[in-house]
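Below, all heavy atoms of this structure are taken into account, side chains as well, without hydrogens, waters or symmetry copies. Chain identifiers are assigned alphabetically (A, B, ...) following the order of the sequence lines, protein sequences preceding nucleic acid strands; residue numbering begins at 1 within each chain.
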2 protein chains.
Amino acid sequence: MKDARPCSIADTLALVGEKYALLVLREVFLGVRRFDRIARNTGAPRDVLTARLRRLVDAGILEKVAYSERPRRFEYRPTDAGRDLHPVLLTLMAWGDRHLTDEPPTVIEHSCGATLRPVVVCGCCGEEARGDTLTPHVRAPGWTTAGPVGA
Amino acid sequence: MKDARPCSIADTLALVGEKYALLVLREVFLGVRRFDRIARNTGAPRDVLTARLRRLVDAGILEKVAYSERPRRFEYRPTDAGRDLHPVLLTLMAWGDRHLTDEPPTVIEHSCGATLRPVVVCGCCGEEARGDTLTPHVRAPGWTTAGPVGA
DNA sequence: TGGAGTGAGTTGGAAAACTGGACCTTCACT
DNA sequence: AGTGAAGGTCCAGTTTTCCAACTCACTCCA
């Protein structure tokens, strides 16, 4: 991946794009924070889960907190940075609910009383951010929207 | 993954969670739609790219369109379902921009004139969908928020 | 004291996915 | 005839992932 376009999407996926990583976060957001439960609910092999948890902790997305000293037991909680990933899960879930199933396995209730239908809007004007209202500007040196300069 | 929680996030990731899949979509949204350019800009090995494109086409996320008959050449365009994945990329980018870098490699201008700051809101009331305003309800038979029943 | 159970991993080997490069085909240009 | 581009395919080698089994430390119960 060395010659690829510099990009925050790629950088983010380098942390949470590995298999099971986002499912681990889903469980944590659902309140499931212990190793065994996360392993069962995601289906992740235990060694993979160990690696993912370590990576997410190193990245500052989760924190490992002892909830018992004797025996020593830990739980994994989202940090502020981890909580900021919630929108990613909401948009992924919304896409699957719309395009992959008729019966959403999980629905989310918003505090307004309605079932959540997540919409991405412009933080400035509040209008929905649809593709045809967006214009990307590539700032990375040596790159344009189309690709590397002089290629 | 057979015993895992049924979940639209997992189902969506089964389609777009493999390495490079979302980067391919990023390029397509940037207007880069030909095999060679996508390969260069994402850094994906060509045979991996072949596999990802086929999968995305099969899933109805991209469509393969001939733009030249002689020689036969193709480009990949997002379908309506593909365009619905744009919010996923926007939220991933927003997280990386906030937590991983000071200088976003790409900024997006919204039609309102401002630089886009993507926010996920409730489609009903328009309020920001923060974790503490959300209550999940698991509908999948045999499952609760905490895990499978009787486990 | 003895045995079962739980939580959080580690270990080892087979299977799958990824990597980088070479190769192929069809056409256009010179 | 030679070169180059587009769009792939093929292959050998490496890295990841998968899965079951195993460990270790401790708790609970009789």
### Message
Does a side-chain N or O of A:Tyr20 approach OP1 or OP2 of D:dT17 to a distance below 4.0 Å, or not?
### Response
no
### Message
Donor-acceptor pair, distance only, cut-off 3.5 Å: does the side chain of A:Arg130 make one with the backbone of B:Arg83?
### Response
no
### Message
Using the rule given for side chain to side chain contact (heavy atoms under 4.5 Å, CB included), can you reason through A:Val138 versus A:Thr144, listing the C-alpha separation, both sets of side-chain angles and the distance that settles it, and then say yes or no?
### Response
CA-CA 6 Å; A:Val138 174; A:Thr144 68; 5.6 Å; no
### Query
Starting at CZ of A:Arg33 and ending at P of C:dA8, how long is that distance when rounded to a whole Å?
14 Å
### Task
Among D:dC10, C:dG9, C:dG12, find the nucleotide with the atom closest to the side chain of A:Lys64.
C:dG9
### Query
Whole-Å distance between D:dT9 C1' and B:Phe35 CZ?
9 Å
### Message
With a cut-off of less than 4.0 Å, is there a side-chain N or O of B:Tyr76 near OP1 or OP2 of D:dG8?
### Response
yes
### Task
Return the value, rounded to whole Å, for the distance between atom CG of A:Leu49 and atom P of D:dT17.
13 Å
#### Entry: Minimum-distance nucleotide to A:Thr50 side chain [options: C:dG7, D:dG7, C:dG9]
C:dG9
### Rounded distance (Å) that lies between atom P of C:dA22 and atom CG of B:Asp47
14 Å
### Query
Contact class for A:Arg34 vs. all strands (heavy atom < 4.0 Å): base, sugar-phosphate, or nothing?
sugar-phosphate
### Message
As an exercise, state the distance from CH2 of B:Trp95 to NE2 of A:His86, rounded to the nearest 0.5 Å.
### Response
15.0 Å
### Which nucleotide in C:dG9, D:dT17, C:dA17 has an atom nearest any side-chain atom of A:Glu18
D:dT17
### Expected output: side-chain A:Thr12 to main-chain B:Leu92 donor-acceptor under 3.5 Å
yes
### Query
Could you give the CD1-to-P distance, from B:Ile38 to D:dA5, as a whole number of Å?
18 Å
### Query
Which of these nucleotides, C:dC18, C:dC27, D:dA6, is closest to any side-chain atom of B:Val48?
C:dC18
### Message
Counting distance alone, no hydrogens or angles: does the base of C:dA8 have a donor or acceptor under 3.5 Å from a partner atom on the side chain of A:Arg46?
### Response
yes
### Query
With respect to the phosphate group of D:dG7, does any side-chain polar atom (N or O) of B:Tyr67 fall under 4.0 Å of OP1 or OP2?
yes
### Message
Output the rounded distance in Å from CZ (A:Phe74) to P (C:dG9).
### Response
7 Å
### Message
I need the CZ-P distance between A:Arg73 and D:dT27, as an integer number of Å.
### Response
8 Å
#### Entry: Phosphate OP1/OP2 of C:dT25: any B:Arg72 side-chain N/O under 4.0 Å
no
### Message
Taking atom CZ as the centre, does B:Arg33 end up with more than 12 heavy-atom neighbours from other residues, nucleotides or ligands that are less than 6.0 angstrom away?
### Response
yes
### Task
Report the distance from atom CG of B:Asp36 to atom P of D:dA6, rounded to the nearest whole Å.
5 Å
### Query
Under 4.0 Å between a side-chain N/O of A:Lys19 and OP1 or OP2 of C:dA17, yes or no?
no
